[in-house]
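Inspection log for the structure reproduced underneath, given as structure tokens.
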Amino acid sequence: MTDQNVKDKVQKTQKINGVRGMNDLLPADAAQWAHLEHVLRDLTRAYGYEFLRTPIVEATAVFQRGIGEVTDIVEKEMYSFEDRLNGEHLTLRPEGTAALVRSVIENNLIYEGPKRLWYTGPMFRHERPQRGRYRQFHQFGIEALGFAGPDIDAEIILMGQRLWDELGLKGVRLEINSLGQAPERAEHRAALVTYFEKNKAQLDEDSQRRLITNPLRILDSKNPEMQALIEGAPKLLDFLGEESLKHFNAVQALLKANNIPCKINPRLVRGLDYYNLTVFEWVTEELGAQGTIAGGGRYDPLIERMGGKAAPACGWAMGMERVLELMKVSGSLPEAQAQCDIFVLHQGGETLTAAMIIAERLRSAGIDTILFCPPDGQSASFKSQMKKADSSGAAFAVIIGPDELAKNEAQLKDLRGTGEQKSVPLDDVLGAAIDALVGSSE
């Protein structure tokens, strides 16, 4: 065997691992995700939001124009590639808002009036994996398009607070700010540049680059050595005009009227270029340095920037993995659910045929049922099958052996309560199972 043949054989037999930062969803965690998704569906229905799904792959220009070419996401984190068949530049979506706005414009969704929309799905960013933050992560977001008033800003924040309450999260606080309008930000930007240029020696390499491209983002730096310098920088709130302040104060008044506490954070700027007026984040100290679990705000310029007719909009998004991590810390994750209601045991042959017929009847009646199937294709003892039934979490077992089949019967055994076992005619198994399950739930 040649060296090349040996190399080829090793490559074919070597274990292939998943991509770093892109994780499998294992059965043990499926119930937690299902619970969170169920709560999110109920939340959006309660507020009248409709579901919209966009493709995972979009034209790269969607994010360059939508997010901003000088943001960290576009400059450093996007998974972009050239379609080798037609040369088109494509990107795995790194966030949901720009893609949703592209869809809204393309499909004329707000032609007849405002829309409340929500989305969920996997997003992709090439950043250092850490607790609750991965290269493939799942995002949930809500977007309200065509609404200009502070009432919708307050409504989407109320949705977030209701969600944290429903999930039983602890230690989550709301921080808000206003980015004003473009002329106000331009005046503030000039003041920032003057301030930071006077203190350029104290800026790290990343902030020196941002001083030229996007000085507002320097305020978002997490470098501890720069925090004193940032604290002394001009504050955007001091540059807001009458209308911007009126909008911001109205949002705060509505939150106060609904007993939603919040902290004004003048350094809160968010990481995307499309925001104006209200911005906000929900933060926690429970997950280490990366404390933001959700955030968003108003992005009135985005629809026009993406090629649509100018229209106001606002929304927010959360990382689902981070919320699940916080649910774990808060002790609010649901207990593992049983795989089924009833586990059906048999001894193969004619008992298998009868067991399969019974299992299908149970499923047709809406009863979750697992039929024992031996891994090696051979029959197994009832003792070993009963271990499988017990580990499944089933409330009851239906047992059909040769003796039962000869009498046209089955055994119905209580696995979680009294342990009682009784004989039931095969034709009556469905009714007996329903009665038993109803009785056990009372």
Side-chain angles (χ1 to χ4, degrees), residues 23 25-26 28-49 51 95-97 116 118-123 125 129-134 136-144 152-177 222 251-252 254-265 268 270-271 278-297 314-337:
N23 302 323
L25 173 58
L26 301 178
D29 299 322
Q32 300 169 6
W33 280 83
H35 171 70
L36 176 56
E37 290 165 352
H38 176 76
V39 172
L40 293 173
R41 283 194 298 272
D42 284 351
L43 176 76
T44 54
R45 188 163 50 246
Y47 284 82
Y49 282 70
F51 181 65
E95 61 96 45
T97 299
R116 289 175 166 93
W118 70 279
Y119 65 86
T120 188
M123 309 290 165
R125 297 184 193 178
Q130 51 193 300
R131 184 182 182 185
R133 192 179 291 272
Y134 306 106
Q136 176 181 307
F137 61 99
H138 294 76
Q139 194 174 76
F140 162 83
I142 61 169
E143 314 290 356
I152 203 72
D153 302 35
E155 177 181 276
I156 64 174
I157 293 173
L158 290 172
M159 287 181 72
Q161 187 59 56
R162 184 175 297 275
L163 176 60
W164 314 142
D165 293 342
E166 290 286 337
L167 295 176
L169 298 188
K170 300 174 182 177
V172 179
R173 70 177 187 273
L174 173 66
E175 296 185 352
I176 66 172
N177 191 23
K222 301 300 187 289
V251 173
Q252 294 177 70
L254 289 168
L255 296 179
K256 184 177 181 180
N258 284 276
N259 300 312
I260 305 297
C262 64
K263 172 188 175 184
I264 296 177
N265 179 358
L268 175 57
R270 302 291 294 152
T278 312
V279 290
F280 53 89
E281 290 181 350
W282 282 280
V283 297
T284 179
E285 309 297 335
E286 303 294 333
L287 297 178
Q290 297 292 332
T292 302
I293 62 167
C314 61
W316 61 265
M318 73 177 200
M320 296 175 71
E321 285 86 352
R322 293 187 65 71
V323 170
L324 285 165
E325 280 288 328
L326 189 54
M327 289 172 68
K328 187 183 298 182
V329 172
S330 299
S332 61
L333 283 174
E335 296 182 2
Q337 296 178 343

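The first residue of the sequence shown is numbered 1, and numbering continues consecutively from there.
When all heavy atoms of P334 and A31 are compared, the closest pair comes out as CG-O, 4.3 Å. Contact between G315 and E143 at its shortest, heavy atoms only, is CA-OE1, 3.4 Å. When all heavy atoms are compared, the tightest approach of L167 to S332 is O-OG, 2.8 Å.
Residues I152 and R116 form a side-chain contact, since some pair of their non-hydrogen atoms from C-beta on lies under 4.5 Å apart. Using a 4.5 Å heavy-atom threshold, the side chains of L174 and F280 count as touching. Side-chain atoms of L169 and V323, non-hydrogen and from C-beta on, do get closer than 4.5 Å to each other. You'll find the side chain of I264 reaches within 4.5 Å of the side chain of Q252, heavy atoms only. A heavy-atom distance below 4.5 Å is not found between the side chains of Y47 and I156. In this structure, I293 and M318 have side chains that are not in contact, with every pair of non-hydrogen atoms separated by 4.5 Å or more. Taking the side chain as every heavy atom from C-beta outward, D42 and E166 never approach each other to under 4.5 Å.
In this structure a side-chain-to-backbone donor-acceptor pair under 3.5 Å is missing from E281 to V283. Counting only distance, with no hydrogens or angles, the side chain of N177 and the backbone of L268 share a donor-acceptor pair below 3.5 Å.
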side-chain contact (heavy atoms from CB on, under 4.5 Å) assessment of E37 paired with T120: CA-CA 9 Å; E37 290 165 352; T120 188; 6.0 Å; no
Assess whether side-chain contact (heavy atoms from CB on, under 4.5 Å) is satisfied between L40 and M320, documenting all intermediate values. CA-CA 10 Å; L40 293 173; M320 296 175 71; 3.9 Å; yes
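Residues passing the side-chain hydrogen bond (donor to acceptor under 3.5 Å, both in side chains) test with H138 are E321, sequence neighbours excluded.
Taking the six-membered ring where tryptophan is involved, the planes of W282 and W316 are perpendicular, since the angle between them exceeds 60° and thus also 30°.
With salt bridges taken as basic N to acidic carboxylate O contacts below 4.0 Å, none links D165 and R162. Salt-bridge formation is detected for the pair R173/E285: a Lys NZ or Arg NE/NH1/NH2 atom is positioned less than 4.0 Å from an Asp or Glu carboxylate oxygen.
Atom-to-atom distance recorded for C262:SG and I176:CD1 is 4.0 Å, nearest 0.5 angstrom. Taken to the nearest 0.5 Å, the CZ atom of R41 stands 11.0 Å off from the CZ atom of F140. For the atom pair CD of Q161 and CD1 of I260, the computed distance is 4.5 Å after rounding to the nearest 0.5 Å. In this structure, CD in E155 is found 4.0 Å from OH in Y49, a value given to the nearest 0.5 Å. E95 CD to F137 CZ: the interatomic distance, rounded to the nearest 0.5 Å, is 8.5 Å. Atom CD1 of I157 sits about 11.0 Å away from atom CG of N258, to the nearest 0.5 Å.
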